[in-house]
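In this chain, numbering begins with 1 at the start of the sequence shown.
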Amino acid sequence: MIAASAGVKVMVATKPMDFRKGADGLAALMREQLRQDPFAGTIFVFRSKRADRLKILAWDGSGLVLLWKRLEHNAFRVAADQR
C-alpha cells in the first residue's frame, strides 16, 4: 500500500500510456496534454496497455519520484465510474 498525506490529490490516467517514458517524459505529458503541474504535489498514476504494470509519478518537495510496479500474475483493474 502507498499512503498519501490527507488532502493530496491522486489522478489516475484512464487510457494506457507509452511505458518507455521516464520521469521527465511523464512530467512533460502532464504539463502538455493534461495541463497539470507535476510539481504541485499531485500523485499521477499511469498504466500500461496490458494493465500488468503501473508507473506512479510524484513530487516529494526536492525531486520527482517515479515508482514502477509489475504484476507477475493478473492485471490492475480500474473500477467503473460509480456516479
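- Rounded to the nearest 0.5 Å, atoms CD (Q33) and CE (M17) are 10.0 Å apart.
- Under the 4.5 Å side-chain contact rule for hydrophobic residues, W68 and M11 share a cluster.
- Side-chain contact between L64 and F39 is present, with at least one heavy-atom pair separated by less than 4.5 Å.
- Under the 3.5 Å distance criterion, the side-chain polar atoms of K55 are matched with a main-chain donor or acceptor of F19.
- Note on L67 and V8: same hydrophobic cluster, where clusters join Ile, Leu, Val, Met, Phe, Trp and Tyr whose side-chain heavy atoms are under 4.5 Å apart, directly or indirectly.
- Using a 4.5 Å cut-off on side-chain heavy atoms (C-beta onward), L66 and L26 make contact.
- No continuous path of hydrophobic side-chain contacts links F44 to V10 [ILVMFWY only; heavy atoms under 4.5 Å].
- Around CG of D18, the count of heavy atoms belonging to other residues, nucleotides or ligands within 6.0 Å exceeds 12.
- Atom-to-atom distance recorded for I43:CD1 and L57:CG is 10.0 Å, nearest 0.5 angstrom.
- If you take NE2 on H73 and CG on D52, they are separated by 11.5 Å, rounding to the nearest 0.5 Å.
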Worksheet item: F46 and L29: side-chain contact (heavy atoms from CB on, under 4.5 Å), yes or no, with the steps?
Response: CA-CA 11 Å; F46 305 92; L29 177 74; 3.8 Å; yes
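- In this structure, L54 CG and R47 CZ are separated by 9.0 Å, a value rounded to the nearest 0.5 Å.
- The CD atom of Q36 sits 12.0 Å away from atom CZ of R31, with the distance rounded to the nearest 0.5 Å.
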